[in-house]
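For reference, the structure is listed below as structure tokens.
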Amino acid sequence: MNCIIKKNILSEGKTKKIYTTNNSLEVLIHHKDCITALNGLKKNFLQDKGVLNNEITTLIFNFLNSCGIKTHFIRKINNREQLCHKVDMIPLEFVIRNIVAGSMSKRLGIKEGINLYNPIFEIFYKNDKLKDPLINDHHAVFLKILSYEELNTIYGITLKINHIIKKYFSDKNIILVDFKIEFGKNHKNEILLSDEISPDTCRFWDKKTMKKLDKDSFRMGLKEEVFDIYMEILKRLNVS
Ligand code: TMP
């Protein structure tokens, strides 16, 4: 295995820092001990949360890689960092909903908890100034973010990912209510699943008690419980 040299900071987001490495096609992603909600309006330091998210994301991306999904993830380097293929991020958040919750419940005035027999896709335009508005395919094409063909490719990959991880979590007594994923393009213009999948980016409910096992606990002000909840997710993922 080649030696990885961490070089310059490429970008810093709310919960991660990206570094260049001695290989121009690879980056190092560092998970910070930071938890945010409401587009960064609510923000807290949470000791070792970066360690948990790095480990949880590693387990899920390793599993997706083994199922043939093309992702940016190469391997975990240490407890806070992972090596990934360098991509240009597509400025869209893809949300997949299996059960009505969160903003869909509020926007449409529908009670949380209703099963969606076909998953519902939403796309949000990543733009801090505009507060990441909900857009549709036509807007994304008009904004020259993606072509219709690329959007269809991503929806196809997204359906597969939903199918794979819904079962993966269900086997661990976790209901995957909804989740957000992001994609990037590598130097060959291939679309790769990128970013992370963790309790920061998913709604998880316990199968038996329906307890919320994700960042909603932080959104609801239960800061003391958040670490234990993320730890519980990691514990369940580590049981095969
Ligand atoms: P929402 O119901 O607030 O729109 O969220 C849907 C899912 O997307 C939920 O699992 C949380 C995730 N999500 C993020 O990961 N980042 C975000 O910025 C937003 C708005 C949602």
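Indexing begins at 1, ligand by ligand and atom by atom, following the structure's order. One is the number of the first residue; the rest follow in order along the sequence. Heavy atoms only: backbone and side chains are in, while hydrogens, waters and symmetry mates are out.
Electrostatic pairing of Asp171 and Lys166 does not count as a salt bridge here, judged by no charged N lying under 4.0 Å from a carboxylate O. Under 4.0 Å is where a charged nitrogen must lie from a carboxylate oxygen, and between Glu122 and Arg107 at least one such pair does. Of the charged side-chain nitrogens involved, none lies within less than 4.0 Å of a carboxylate oxygen, so that Lys185 and Glu190 do not count as a salt-bridged pair.
Taking atom 11 (C) of ligand 1 as the reference point, the nearest protein heavy-atom neighbour is Arg219 NH2, 3.9 Å. Asp178 OD1, 3.1 Å is the protein heavy atom nearest to atom 9 (C) of ligand 1. For atom 4 (O) of ligand 1, the closest non-hydrogen atom of the protein is Ser103 OG, 2.6 Å. Scanning all protein heavy atoms for the shortest distance to atom 8 (O) of ligand 1 gives Lys180 CB, 3.4 Å. Nearest non-hydrogen protein atom to atom 19 (C) of ligand 1 is Glu93 OE1, 4.2 Å. When hydrogens are left out, the protein atom nearest atom 5 (O) of ligand 1 is Arg203 NH1, 3.6 Å; that is the closest non-hydrogen contact.
Near Thr201, meaning under 4.0 Å from any of its heavy atoms, are these atoms of ligand 1: 10 (O), 12 (C), 15 (O). Shown in contact with Gly102 at under 4.0 Å from a heavy atom are these atoms of ligand 1, numbered in order with element: 2 (O). Distances below 4.0 Å separate heavy atoms of Cys202 from the following atoms of ligand 1: 10 (O). Atoms of ligand 1 found under 4.0 Å from any heavy atom of Val95, numbered from 1 in the order shown, are 6 (C), 8 (O). Close contacts of ligand 1 with Phe179, meaning ligand atoms under 4.0 Å from a residue heavy atom, involve 10 (O). Taking every non-hydrogen atom of Asp200 and a distance limit under 4.0 Å, the qualifying atoms of ligand 1 come out as 15 (O).
The closest approach between a heavy atom of Arg97 and any atom of ligand 1 is below 4.0 Å. The shell of residues lying under 4.0 angstrom from ligand 1, judged by heavy atoms, excludes Asp214.
Side chain of Asp33 to main chain of Gly50: a donor-acceptor pair is present (N/O by atom type, distance under 3.5 Å, no hydrogens or angles).
In this structure, CD1 in Ile145 is found 5.0 Å from OH in Tyr125, a value given to the nearest 0.5 Å.
With respect to Asp206, the salt bridge (charged side-chain N to carboxylate O under 4.0 Å, His left out) criterion is satisfied by exactly one of Lys211, Lys172, Lys212, Arg236: Arg236. The salt bridge (charged side-chain N to carboxylate O under 4.0 Å, His left out) test with Glu55 singles out one residue from Lys49, Lys235, Lys76, and that residue is Lys76.
Taking the six-membered ring where the residue is Trp, the centroids of His72 and Phe183 are separated by 6.0 Å or more.
Remark: the Asn54 side chain and the Asn79 side chain contain no N/O donor-acceptor pair separated by less than 3.5 Å.
By the definition of a contact as any protein heavy atom under 4.0 Å away, atom 21 (C) of ligand 1 is not in contact.
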Set out, in order, the CA-CA distance, both residues' side-chain angles and the distance that settles salt bridge (charged side-chain N to carboxylate O under 4.0 Å, His left out) for Asp178 and Arg203, then state yes or no. CA-CA 5 Å; Asp178 57 36; Arg203 268 198 184 90; 2.8 Å; yes
